[in-house]
Amino acid sequence: MEYNFRQIERKWQQRWVDTQAYLVSNSSNKPKCYVLDMFPYPSGAGLHVGHPLGYIASDIYARFKRLKGFNVLHPMGYDAFGLPAEQYALETGQHPAVTTAENIETFRKQLDNIGFCYDWSRKIQTSQPEYYKWTQQIFLQLFDSWYNRHAAKAEPIDLLVRIFEAAGNHHHECPGDRSIRFSAETWNESTYEQQQEILMQYRLGYLAYAEVNWCPALGTVLANDEVINGVSERGGHPVQKKKMRQWFLRITEYADRLLKGLDEITFSDAMKDMQRNWIGKSQGAEIKFNIAGSMESVVVYTTRPDTIFGVDFMVLAPEHELVDGITTDEQAEAITAYKEYVQSRSERERMAEVKLITGCFTGAYAVNPFDGRKIPIWISEYVLAGYGTGAIMAVPCGDQRDFNFANHFSIPVTNILGDAFDGKEANPTKEGKLFNSDFITGMEMKEAMEAVTTKIENLGIGKRQINYRMRDAGFSRQRYWGEPFPIVFRNGIPEAMDVKDLPLELPHVEHYTPGEDGEGPLANITDWVNLPAAPGSSLRRETNTMPGYAGSSWYFLRYMDPHNTETFCDRKISDYWGQVDLYIGGTEHAVGHLLYSRMWTKVLFDLGHIGFEEPYKKLVNQGMIQGSSRLVYRVRGTNQFVSAGLRAQYETDEIHVDVNIVDGLELDTAAFKNWRQDFATAQFILENGKYICGTLTEKMSKRLFNTVNPNVIVEKFGADTFRMYEMFLGPVEQSKPWETKGIEGVHRFLKKFWRLFADEQKGLLVKDEAPTPEELKVLHNTIRKIEEDTERLSFNTAVSTFMICVNELTDLKCNKKAVLEQLLVLLTPYAPHVSEELWALIGNSGSILDAPFPVFEAKHVTESAKEYPVSVNGKLRTTINISLDASVEDVEKIALSNEVIQRWLEGKTPKKVIFVKGKMINVVI
RNA sequence: GCGGGUGUGGUGAAAUUGGUAGACACGCCAGACUUAGGAUCUGGUGCCUCACGGUAUGUAGGUUCGAGUCCUAUCACCCGCACCA
């Protein structure tokens, strides 16, 4: 009776399917637990051993929670819309739906091989109409909502219309354009078109003109990650900015709540910081500066109103609307030239030359509202049009960029920092007193910020202002393979489709080439785009599609109620499952997916569709599994390969070799000859009869021949070994290289574990005898450690605990059923197949998946004595076994009379003896 | 430049509250069984030293009876953001 993992795993995987072992009910008396993986994009490359790391971790946790008596939701699906499939379609002519289906099948087979406990009846796929119907429906809710800043929540747009009819927009500043102000009369007299224009400025899903990356050579619009250093990733063609009308989500209205929400959820500090950084909240003030000899004024944004007396010049963004109006005749030519220069600068140049200081004087002067000083107004590309007011007051003694600029253009610098400013570099401190600053001289900076801001507001020349770095999220893609927008344009005005007509299905196309002027491929299907309309009017569909993150922004809700045809998720069911308790996925989604889905959740909460506003209670980012590449060394100009240890004697070239034909470091030379034609005649210079490869840790990639397919590992060692080895590699959050060789240790462990139960010759060994205290001690120490470690996701230490336990039980020759049976339950989350098999083998009829989790009993592990480490002056000198009941005096006496300690004392009397009960003894001389 | 993280044997790592550094594995060395072993088992394995002992958690300081763990400075690597006023 040997451990035949292939047979065992096939058998139980089939059994679990047959018995619907992983089917989860939406009603239960048990407490709930929702364990979610970030669903994968089914790429053509399939999974490599790096991908399942997080899936295994969440699977173990889900199974553990089930054993602990929870009703566990643990689903899986596919994020199936995306650029690569469309790109592949462009190249091969195969429809993305076809290749996506094929890829999904490959993924599914690979996943099934590993023995996950997913409830596949809840599978979702974002590219299926049954799913994206609801993505479209939620989008319409965004379109039909606005953010009421007073109530701090989203509300239906109809409410806003009623407010406008009664009172105009005086109490509800327009988020799209602060300058829009109107009364009820104006609103009521406006045309439908005008009203719709205004509403668009309020909607959470809205249309606006914005720049996209337009690549004329490819005739298409590129995503940001397809543009590398200003040229297209594919082909290296130049990319221009092009203004197009596109959809946006007004996520900026949620900036503050997204920020505050971070305090309530368990994400890593790094993750929270990334999000905070991305949102980029800053508090400051807007201050109006009049322009000397002009009726115009400039509003600047500053976070340091306290430095108002240190302003030496002002800088506008070159695109600022006032620039042309204020430029003097003498400077007009220079300004025009500078603006042209800025226009000509590609994104790439600006990125590459951040340190380059450029700018141009407009000839105009602003007047400092406090001391009346005239300060020159410049323009420079270091001031961005899109942030704040597109204008800054420059304080060179306190801001390094301003200082560099002043230095470069020889603008005199005013010192308001006293000795804290050395004239050589700016000092951006917020701690200290101000000098040379009129009414705030001598005041602490923080106090002065408040004082100046208050004065500005009293004088009516400015106000407190909070700004965010975050921009509204672009929600249009000029692409085919995404959700179509449920929007039609009646005479150019967007209207929501009727919800009962959803889904608006993606029409089938034969060609994936872009439409004219950067429109998506859908624009080419004229009979889909153009709808029948009354004479003299037009009715056209939106030709953009939604971006990849649309479907993933709410998918965690659909898993709860995946087959509902009435709503995206029944409120009672989302109330039952609630937030995701544990969400596992990669860091790459730190600010994209995770921010968008947090926003969508808040909107759905505001509109009353769900009862919570943070989707993920706890997030864990699994580390990357890197590849451990293998290198061979070819003697230059020959077909001779020299083993790594001898290569210093030759001039060699490094060549990556397929890791699958290397055992540890030893190259299979025969396989190498077969690997590639040009190596068929390879000759080897060996060391100790072996060819030893070099190693390099780098990204796992086909190109580097260091990818390992989990199927290969599962075939060779079994899924249980694979699962445990992935966990054994190290902490889940940490990145580490994959080393196939190491898996043998875990495999040996499972075989050793098996031998506690059964033997090749003697068959079943398990006995019904009562366990000894020693055996119980081993068992209960293990129960405690496994329970603790699994709960805190420390799976690597849990695996080694199992190893220690099995080593000890083997030494004790323990085959007692009472011990082994409990151990099996502990092991189930980690190695479900072998656990089920042995569970049945020792005579249980039911499945182990719902067995009661062992209960730790302290009485089995209490000790009466301890081997104390005894140090002299902090250095360990010996250990002494002393009873835990011994008094302090006894312990001191025993320690000091010890032979080794006596020797170190050299007859001296110790200054003091430190004794920490149960820990250690330290003798200080 | 800013923010975050990580530095421990030949390798992956452990040390949960400051208390025996290197658990558990891989690799390596020696041995047993064997026709054979890339199967299995036993023992050893941080470094220096015959040994007593010394020394060791990136580097340099500090706090403490005691520091991988706390504090300060510094270096290296990884990740994210990058002219955000």
Taking 4.0 Å as the cut-off, does a side-chain nitrogen or oxygen of [X] come that near to OP1 or OP2 on [N]?
X         : N       : answer
Gln734(A) : rA13(B) : yes
Lys751(A) : rU40(B) : yes
Tyr387(A) : rA85(B) : yes
Arg276(A) : rC81(B) : no

Notebook entry, point to check: How close or far is atom C1' of rC79(B) from atom CD of Glu733(A), stated in whole angstroms?
Noted result: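 Going from CD in Glu733(A) over to C1' in rC79(B) covers 15 Å.
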
Check: Taking atom P of rU17(B) as reference, at what distance in whole Å does atom NZ of Lys919(A) sit?
Finding: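 Atom NZ in Lys919(A) sits about 10 Å away from atom P in rU17(B).
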
Notebook entry, point to check: Syn or anti for rG18(B), with syn set at within 90° of 0?
Noted result: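 Chi for rG18(B) falls in the anti range.
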
Next item on the list: Would you please name every residue forming a side-chain contact (heavy atoms from CB on, under 4.5 Å) with Glu321(A), sequence neighbours left out?
Entry: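 Result, side-chain contact (heavy atoms from CB on, under 4.5 Å) vs Glu321(A): none returned.
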
Notebook entry, point to check: Partners of Lys339(A) by side-chain contact (heavy atoms from CB on, under 4.5 Å), sequence neighbours excluded?
Noted result: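 For Lys339(A), the residues satisfying side-chain contact (heavy atoms from CB on, under 4.5 Å) (neighbours in sequence not counted) are Val323(A), Asp324(A), Ile335(A), Ile379(A).
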
Note to self: I need the Asn407(A) CG to Gln400(A) CD distance, nearest 0.5 Å.
What the structure shows: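 Reported to 0.5 Å precision, the distance equals 9.0 Å.
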
Margin query: Asp668(A): which residues meet the salt bridge (charged side-chain N to carboxylate O under 4.0 Å, His left out) condition with it, sequence neighbours left out?
Written below: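 So Asp668(A) forms no salt bridge (charged side-chain N to carboxylate O under 4.0 Å, His left out) with any residue.
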
Note to self: Using the rule given for ring pair (Phe, Tyr, Trp, His ring centres under 6.0 Å), can you reason through Phe802(A) versus Tyr830(A), listing the C-alpha separation, both sets of side-chain angles and the distance that settles it, and then say yes or no?
What the structure shows: CA-CA 10 Å; Phe802(A) 281 122; Tyr830(A) 293 82; 5.3 Å; yes

Note to self: Applying side chain to side chain contact (heavy atoms under 4.5 Å, CB included) to Ile287(A) and Thr302(A), what does each step give before you reach the verdict?
What the structure shows: CA-CA 8 Å; Ile287(A) 308 175; Thr302(A) 180; 3.9 Å; yes

Look at the side chain of [X] and decide which nucleotide, out of [options], has an atom nearest to it.
X         : options                   : value
Ile914(A) : rU16(B), rA39(B), rG19(B) : rG19(B)
Val924(A) : rU16(B), rC65(B), rA85(B) : rC65(B)
Tyr382(A) : rC83(B), rC81(B), rU20(B) : rC83(B)
Glu788(A) : rU40(B), rU16(B), rG12(B) : rU16(B)

Check: With under 30° as parallel and over 60° as perpendicular, where do the rings of Tyr387(A) and Tyr301(A) fit, or are they tilted in between?
Finding: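 Answer is perpendicular, since the angle exceeds 60°.
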
Where do N or O atoms of nucleotides 51-58 of chain B meet protein N or O atoms at under 3.5 Å, pair by pair?
residue	atom	partner	partner atom	Å
rG54(B)	OP1	Arg877(A)	NH1	3.4
rG54(B)	OP1	Arg877(A)	NH2	3.4
rG54(B)	OP2	Arg877(A)	NH1	3.1

Margin query: Can you tell whether the side chains of Arg276(A) and Asp273(A) come within less than 4.0 Å, N to carboxylate O?
Written below: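 Looking at Arg276(A) and Asp273(A), the cut-off is met.
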
Notebook entry, point to check: Tyr868(A): what forms a ring-ring contact (aromatic ring centres under 6.0 Å, His included) with it, not counting sequence neighbours?
Noted result: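 Testing Tyr868(A) for ring-ring contact (aromatic ring centres under 6.0 Å, His included), a comparison that skips the adjacent residues, returns Phe915(A).
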
Which nucleotide, in any strand shown, forms a Watson-Crick or G-U wobble pair with [N], with both distances under 3.5 Å?
N       : result
rA76(B) : rU6(B)
rU35(B) : none
rA30(B) : rU42(B)

Notebook entry, point to check: Along nucleotides 22-28 of chain B, 5' to 3', which nucleotides get a B, which get an S, and which get a -, given that the test is a protein heavy-atom distance under 4.0 Å?
Noted result: -BBSSS-

